[in-house]
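Contents: one structure, followed by commentary.
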Amino acid sequence: MKPCETETVKIVLAPDSFKESMTASEAVAAMRAGVAAVLPDAEVVGVPMADGGEGTVDAVVAALHGQHLDVPVCDALGRRVTARYGYVPLRQLAVIEVAAAAGSELIPVGQRDVLRASTFGVGELIRSALDRGAEDFLIGLGGSATNDGGTGMLTALGAEFLDADGRPLGPGGANLERLERIDLTGLDPRLRDVRIRVASDVTAPLLGPNGATAVFGPQKGASPADVARLESGLSRLAAVASATLGGTRPALPGAGAAGGLGFALVEFLGATSRSGVEEVAETVGLERALHGADWVFTGEGSVDAQTVMGKTPFGVAAAAARAGARVIIFAGRVAADAAVLLDHGVERLVAITADGTPIERALRDGAESLTRAVADICRDLA
């Protein structure tokens with residue numbers, strides 16, 4: 001290992017966004033300023049990161065010099081909103097966050113209705129990207145307000161979900177109890193020739209006590225009666241889908257992500273699914289950037305024991321360990337139980353704001369605080 005004070009030291013900056021304070025790209029810039037203040041001769045490589053949730057589009061667009069596109073779509077309750085996705089023309093790559101169209105945060109708490117919430121807007125985003133020429137899709141599944149098994153998305157792409165009289169079902173998971181037939185003849189033929197990758201940290205299956213409805217339904221406002229109804233609807237979807245497709249895998253880990261959207265993407269559109277941070281890391285070229293690195297600085301707004309469940313800092317630390325680099329995590333808040341990360345190849349955990357700092361000030365001064373913390377650590381390393 002080269003000592004940090006040599007001019008050949010290589011430092012990779014691979015943070016996630018610091019929620020409500022900095023995007024991942026802004027965090028990279030703040031870290032870069034901290035390194036430059038102390039180690040001006042260091043080789044510094046910035047790789048904005050994300051884990052498939054909020055910030056994934058921004059991180060990939062920044063890393064691959066793509067563009068943001070705003071399009072009108074339906075939100076989860078069918079109201080027209082403007083949603084943003086990312087597109088990288090040189091790779092014909094579209095990056096979509098489900099929450100941009102079907103997210104809970106788009107709907108005031110008192111208006112949320114998980115029984116009729118639909119992923120139709122997600123299908124509209126996919127269709128827009130197809131129109132632009134996309135052949136590769138990275139879809140992050142975090143933050144949805146839906147529990148429709150992805151049927152809304154598929155409807156927007158040309159599929160039909162029909163009742164016993166041959167009439168199309170209304171939107172939402174509750175209507176799936178009446179599903180009798182799925183007609184895929186109108187499904188957009190361009191979907192046959194694209195690659196779809198799903199980025200999600202949810203490992204829930206579609207059905208059962210650990211499935212989409214039982215685990216996440218109550219978080220989306222479902223009452224016990226609603227949970228039973230939605231579970232019945234997804235069970236019906238699984239049965240009819242199996243008959244239509246010649247077999248499905250509702251027990252597949254991740255099928256229950258985003259209210260069953262993971263199931264629809266894998267079974268109907270042939271998507272592959274794995275850890276969100278792994279998908280993003282591959283897309284933005286993190287492993288290539290880590291080649292020859294001495295240190296890796298990563299982080300996000302808050303780290304705790306749950307970070308080891310696949311959050312960005314943990315995924316970056318794992319990749320850094322494989323590359324033989326040493327890792328420091330910076331965060332606005334470092335919980336006491338985050339010390340478990342020290343057992344997974346992380347050398348130090350650094351809180352960039354002092355205990356007791358008002359949250360408004362911490363968010364406002366996040367970039368300045370991160371720059372200062374990185375500079376302090378570089379002095380220690382040198």
Side-chain angles (χ1 to χ4, degrees), residues 50-62 64 66-89 91-107 116-159 161 171-172 186-200 202 254 257-273 276 279-280 283:
D51 60 11
E54 180 184 358
T56 297
V57 166
D58 290 341
V60 175
V61 165
L64 301 182
Q67 57 192 236
H68 290 99
L69 299 172
D70 295 323
V71 295
V73 301
C74 291
D75 72 4
L77 297 183
R79 305 173 303 186
R80 297 306 281 178
V81 297
T82 298
R84 170 170 287 189
Y85 69 97
Y87 188 62
V88 183
R91 295 194 181 189
Q92 294 177 293
L93 166 67
V95 188
I96 293 172
E97 293 174 22
V98 166
S104 296
E105 293 189 1
L106 298 176
I107 304 170
R116 67 185 184 93
S118 169
T119 52
F120 190 90
V122 178
E124 291 181 295
L125 287 178
I126 293 173
R127 198 170 63 219
S128 172
L130 288 170
D131 292 342
R132 190 160 287 271
E135 295 183 358
D136 188 8
F137 287 79
L138 176 62
I139 302 179
L141 299 190
S144 82
T146 56
N147 205 97
D148 72 346
T151 54
M153 173 200 69
L154 292 168
T155 298
L157 293 171
F161 295 83
L187 194 64
D188 196 317
R190 295 174 294 180
L191 292 165
R192 302 191 194 107
D193 301 317
V194 302
R195 175 193 186 200
I196 300 177
R197 293 170 291 146
V198 174
S200 173
V202 172
L261 181 58
F263 174 78
L265 286 164
V266 170
E267 300 297 345
F268 289 90
L269 302 186
T272 58
S273 178
E279 276 294 1
V280 174
T283 301

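Quick note: numbers below take in every heavy atom, side chains included, and nothing from hydrogens, waters or symmetry partners. Throughout, residue positions are numbered sequentially from 1 according to the sequence presented.
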### Query
Under the side chain to side chain donor-acceptor pair (under 3.5 Å) criterion, do D148 and T119 qualify, and how do the steps go?
CA-CA 7 Å; D148 72 346; T119 52; 3.0 Å; yes

Answer whether the closest heavy-atom distance between the side chains of [X] and [Y] falls below 4.5 Å.
| X | Y | result |
| --- | --- | --- |
| Q67 | R132 | yes |
| T82 | V71 | no |
| V61 | Y87 | no |
| C74 | E124 | yes |
| L261 | I139 | no |
| V280 | D51 | no |
| V98 | M153 | no |
| I196 | I126 | no |

### Task
Taking side chain to side chain donor-acceptor pair (under 3.5 Å) as the test, write out the residues that go with D193, two or more places apart.
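D193 satisfies side chain to side chain donor-acceptor pair (under 3.5 Å) with no residue once adjacent residues are dropped.
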
If you round to the nearest 0.5 Å, how far is [atom2] of [Y] from [atom1] of [X]?
| X | Y | atom1 | atom2 | value |
| --- | --- | --- | --- | --- |
| S273 | F263 | OG | CZ | 13.5 Å |
| R127 | L157 | CZ | CG | 7.0 Å |
| L269 | F137 | CG | CZ | 9.5 Å |
| S104 | D75 | OG | CG | 11.0 Å |

### Message
Can you confirm whether more than 12 heavy atoms, excluding those of E105, are under 6.0 Å from its CD atom?
### Response
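Atom CD in E105 is not packed in, count stays at 12 or less.
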
### Pair R84 + D58, salt bridge at N-O below 4.0 Å
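Between D58 and R84 there is no salt bridge, as every charged N stays at least 4.0 Å from the carboxylate O atoms.
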
#### Entry: D136/R197 ion pair, N-O < 4.0 Å
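Yes.
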
Does [X] use its side chain to pair, donor to acceptor, with the backbone of [Y] at less than 3.5 Å?
| X | Y | result |
| --- | --- | --- |
| Q92 | G133 | yes |
| E97 | T56 | yes |
| S118 | P171 | no |

Indicate the atoms forming the closest heavy-atom contact of [X] with [Y], along with that distance.
| X | Y | answer |
| --- | --- | --- |
| A94 | A129 | CB-CB, 3.6 Å |
| A101 | V73 | CB-CG2, 4.0 Å |
| Y85 | V95 | CB-O, 3.3 Å |
| A50 | A59 | CB-CB, 4.1 Å |
| A258 | L141 | CB-O, 3.5 Å |
| R91 | T283 | NH1-O, 3.0 Å |

### Task
Dump the intermediate steps for side chain to side chain contact (heavy atoms under 4.5 Å, CB included) on F161 and L154, then the final yes or no.
CA-CA 9 Å; F161 295 83; L154 292 168; 3.7 Å; yes

### Query
When E279 is tested against each of V198, V60, L138 for side chain to side chain contact (heavy atoms under 4.5 Å, CB included), which residue passes?
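Among V198, V60, L138, the one meeting side chain to side chain contact (heavy atoms under 4.5 Å, CB included) with E279 is L138.
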
